[in-house]
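Worksheet: the structure to be examined is printed underneath.
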Amino acid sequence: MDTYESVILVKNEVFVFKIPPKTTNRGYRAADWNLQEPQWTGRMRLVVKGEELVMKLEDKASGQLFAKCPIDKYPGVALESVTDSSRYFVVKIQDDNGRSAYIGLGFGDRSDSFDLNVALQDHFKWLRKEQEGPAAPTQQLDLGFKDGETIKINMKITKKDGSDTKPRRGVGSGSGSGGGLLPPPPGAGAGGSRLPPPPSPQHAPAPAVPAVPAASAGSEWGDYNSASAPSQQATTPASQQNWVQF
């Protein structure tokens with residue numbers, strides 16, 4: 001079965017530089033290259049075929065292959081960043097005969113080098129998942145009830161004040177009554193209070209007339225006090241009346 005190629009990144013302008021041999025273990029520096037005079041200018045494509053990833057440097061017009069770089073891991077010896085810039089890399093190119101060489105690769109824009117880093121990281125992350133295979137399914141616990149299995153729960157519902165909700169018999173209620181109503185006050189019947197009603201206006205007693213003192217009566221009535229004389233005369237003996245007339 002043939003495996004198709006998949007292009008994951010294309011950059012239409014890259015620069016290739018001839019780099020001097022590395023003399024120390026501190027890494028490569030782009031400042032040591034002749035950045036003003038690139039050796040070659042073209043396009044770059046990242047191509048995936050199965051699990052193989054290859055960077056191809058091609059002519060922009062004709063598509064003719066200039067060089068290719070198989071990348072087995074990143075970061076790695078096939079593609080290495082320089083120590084003094086994020087836009088330049090050291091690339092290990094190979095031909096069909098297995099010969100290899102190191103060249104400098106640079107981008108005019110910093111965002112292009114960022115895209116290259118992201119594409120490489122995503123590819124190897126996907127490749128790692130493919131090699132690990134699907135994750136083993138986790139065993140789930142069976143929490144369902146089996147046939148005929150029951151449970152018993154004792155629950156006691158309490159009010160906010162902490163007392164239970166068991167109904168209580170009301171004071172004075174009948175044996176058949178389940179309510180908790182209080183009994184009526186003493187002396188109250190079905191219609192309410194037994195106090196006597198207020199007297200009606202026609203049965204209300206006449207208002208009392210204040211008595212007039214004796215001293216004030218004599219001063220105000222004068223000779224009209226003789227109105228009580230007949231009663232006094234009726235009690236005077238006849239012999240005394242005659243003596244008065246004599």
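Between Cys69 and Ala78, the closest heavy-atom pair is SG-O, 3.4 Å. Across all their heavy atoms, Pro38 and Leu35 have their closest contact at CD-O, 4.0 Å. Contact between Asn12 and Lys60 at its shortest, heavy atoms only, is O-CD, 2.8 Å. For Ile19 against Tyr102, the heavy-atom pair with the smallest separation is CG1-O, 3.8 Å. Minimum interatomic distance between Gly63 and Arg43 (heavy atoms only, all atoms of both residues): CA-NH2, 3.8 Å. Among all heavy-atom pairs drawn from Phe15 and Gly108, the shortest one is CE1-N, 3.9 Å.
Put simply, NE2 on His123 and CZ on Arg128 are 11.0 Å apart, with the number rounded to the nearest 0.5 Å. Separating the NZ atom in Lys11 from the OG atom in Ser113 is a distance of 9.0 Å, to the nearest 0.5 Å.
Using a 4.5 Å cut-off between side-chain heavy atoms of Ile, Leu, Val, Met, Phe, Trp and Tyr, with links allowed through other members, Val90 and Tyr88 fall into the same hydrophobic cluster. Grouping the Ile, Leu, Val, Met, Phe, Trp and Tyr side chains by contacts below 4.5 angstrom, directly or via other members, places Ile93 with Leu46. A chain of hydrophobic side-chain contacts below 4.5 Å, direct or via other Ile, Leu, Val, Met, Phe, Trp or Tyr residues, connects Trp126 to Leu116. Taking hydrophobic clusters as Ile, Leu, Val, Met, Phe, Trp and Tyr residues chained together by side-chain heavy-atom distances below 4.5 Å, Leu53 shares a cluster with Leu127.
Within the 4.5 Å cutoff, the side chain of Leu57 has heavy atoms near those of the Trp40 side chain. The closest side-chain heavy-atom distance from Phe17 to Ile103 is not below 4.5 Å. Two residues are said to be in side-chain contact when any heavy atoms from C-beta on lie closer than 4.5 Å; Ile8 and Val47 fail this criterion. You'll find the side chain of Leu9 reaches within 4.5 Å of the side chain of Asp115, heavy atoms only. For the pair Leu79 and Met55, the minimum side-chain heavy-atom distance is below 4.5 Å. By the 4.5 Å heavy-atom criterion applied to side chains, Thr41 and Val14 are not counted as neighbours. Between Asp96 and Lys68, the closest side-chain pair of non-hydrogen atoms falls below 4.5 Å. Contact of the Pro70 side chain with the Gln94 side chain is registered, since non-hydrogen atoms from C-beta on lie closer than 4.5 Å.
For Asp59 (side chain) and Gln64 (main-chain N/O), no donor-acceptor pair under 3.5 Å exists by modelled atom type. With hydrogens and angles disregarded, no donor-acceptor distance shorter than 3.5 Å links the side chain of Asp32 to the backbone of Pro20. Without hydrogens or angle criteria, Asp109 side chain to Asp112 main chain gives no donor-acceptor distance under 3.5 Å. In this structure, the side chain of Thr83 engages the main chain of Tyr28 through a donor-acceptor pair within 3.5 Å.
Comment: Glu5 engages Lys56 in a salt bridge, judged by a side-chain N to carboxylate O separation of less than 4.0 angstrom. A salt bridge links Arg45 to Glu58: one of the charged nitrogens lies within less than 4.0 Å of a carboxylate oxygen.
At most 12 heavy atoms of other shown residues, nucleotides or ligands fall within 6.0 angstrom of atom NZ in Lys18. More than 12 heavy atoms of other shown residues, nucleotides or ligands fall within 6.0 angstrom of atom CD in Glu130. Atom CG of Asn97 is surrounded by more than 12 heavy atoms from other residues, nucleotides or ligands within 6.0 Å.
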Inset, instruction - Please step through side chain to side chain contact (heavy atoms under 4.5 Å, CB included) for the pair Ser86 and Arg110, ending with a clear verdict. - result: CA-CA 7 Å; Ser86 62; Arg110 198 177 305 274; 2.8 Å; yes
Inset, instruction - Dump the intermediate steps for side chain to side chain contact (heavy atoms under 4.5 Å, CB included) on Leu120 and Ile71, then the final yes or no. - result: CA-CA 9 Å; Leu120 291 171; Ile71 304 174; 4.0 Å; yes
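Asn117 meets the side chain to side chain donor-acceptor pair (under 3.5 Å) test with Tyr74; sequence neighbours excluded.
A perpendicular orientation is assigned to the rings of Phe89 and Phe107, their planes being inclined by more than 60° (bins at 30° and 60°).
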